[in-house]
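First up is the structure itself, then whatever we jot down about it.
One-based numbering along the sequence shown. Just so you know, ligand 1 is whichever comes first in the structure, and atom 1 is the first atom listed for that ligand.
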Amino acid sequence: MIEKEVNPHFENFLFDWKHKFQVLVGGYGSSKSYHVALKIILKLLQEKRTALVVREVYDTHRDSTFSLFEEIIEDMGLADKIRCVSSPMQIRFPNGSKIIFKG
Ligand SMILES: Nc1ncnc2c1ncn2[C@@H]1O[C@H](COP(=O)(O)OP(=O)(O)OP(=O)(O)O)[C@@H](O)[C@H]1O
Ligand SMILES: [Mg+2]
């Protein structure tokens, strides 16, 4: 059982997997990226999946997407279960799910 306070504005988005493309609208720092990452973590905890995260330049993942995933995993107290490996960047879940990062 995981309890996490979320932005009510993005609550439906977190559990909506019916749409292929989704656009989050909000000002800067309004937690758009946070909820995208949280949504992927919740899905991968539930089902054995591999998520691919793409940025133009591979190494820019480190201080953005990869560190955001790390922050959320620590914030939710899951750091003992979900491993964040930094070289190559990969996030591994106890059920075999993983998040991979490519340029
Ligand atoms: N539910 C939450 N619980 C804890 N921290 C949160 C939560 N939502 C947002 N934050 C914090 O707020 C920060 C800013 O959110 P985020 O980077 O997702 O905003 P953004 O809308 O993507 O901003 P930008 O437009 O600059 O890309 C996050 O890195 C995180 O530290
Ligand atoms: Mg963002």
What protein heavy atom sits nearest [atom], and how far off is it?
atom: atom 20 (P) of ligand 1; result: Lys32 N, 3.5 Å
atom: atom 23 (O) of ligand 1; result: Gly29 N, 2.8 Å
atom: atom 1 (N) of ligand 1; result: Glu5 O, 3.0 Å

Polar contact flag for Ser31 and ligand 1 (N/O pairs, less than 3.5 Å): yes
Contact (N/O only, under 3.5 Å) between Val6 and ligand 1: no
State, with a plain yes or no, whether a side-chain heavy atom of [X] is found less than 4.5 Å away from one of [Y].
X: Val36; Y: Gln22; answer: no
X: Asp75; Y: Lys4; answer: yes
X: Ile41; Y: Ile91; answer: no
X: Ile40; Y: Phe69; answer: yes
X: Tyr58; Y: Met89; answer: yes

Looking at the Mg ion (ligand 2), is one of the N, O or S atoms of Tyr28 less than 2.8 Å from it? no
Exceeds 12 heavy-atom contacts within 6.0 angstrom, atom CZ of Arg62: yes
Is atom NZ of Lys43 surrounded by more than 12 heavy atoms (other residues, nucleotides or ligands) closer than 6.0 Å? yes
Identify the heavy atoms of His35 and Phe13 that sit nearest to each other, and give their distance. O-CE2, 3.7 Å
How close do Lys18 and Asp16 get, counting heavy atoms only, and between which atoms? N-OD1, 2.9 Å
Number the atoms of ligand 1 from 1 as they appear, then name those within less than 4.0 Å of a heavy atom of [X], with their elements.
X: Lys4; value: 1 (N), 2 (C), 3 (N), 4 (C)
X: Ser30; value: 19 (O), 20 (P), 21 (O)
X: Asp75; value: 4 (C)
X: Ser33; value: 18 (O), 20 (P), 22 (O), 27 (O)

side-chain contact (heavy atoms from CB on, under 4.5 Å), that's the test. Do Arg55 and Phe101 meet it? Break it down for me. CA-CA 8 Å; Arg55 283 180 69 90; Phe101 299 83; over 6 Å; no
Of all the heavy atoms in Gly27, does at least one lie under 4.0 Å from an atom in ligand 1? yes
Is there a heavy atom of Gly26 sitting under 4.0 angstrom from any atom of ligand 1? no
Taking the minimum heavy-atom distance to atom 30 (C) of ligand 1, which of Glu71, Met76, His35 ranks first? Glu71
In terms of its nearest heavy atom to atom 2 (C) of ligand 1, the top option of Tyr34, Phe10, Tyr28 is Tyr34
Hey, is atom 25 (O) of ligand 1 touched by any protein heavy atom at less than 4.0 Å? yes
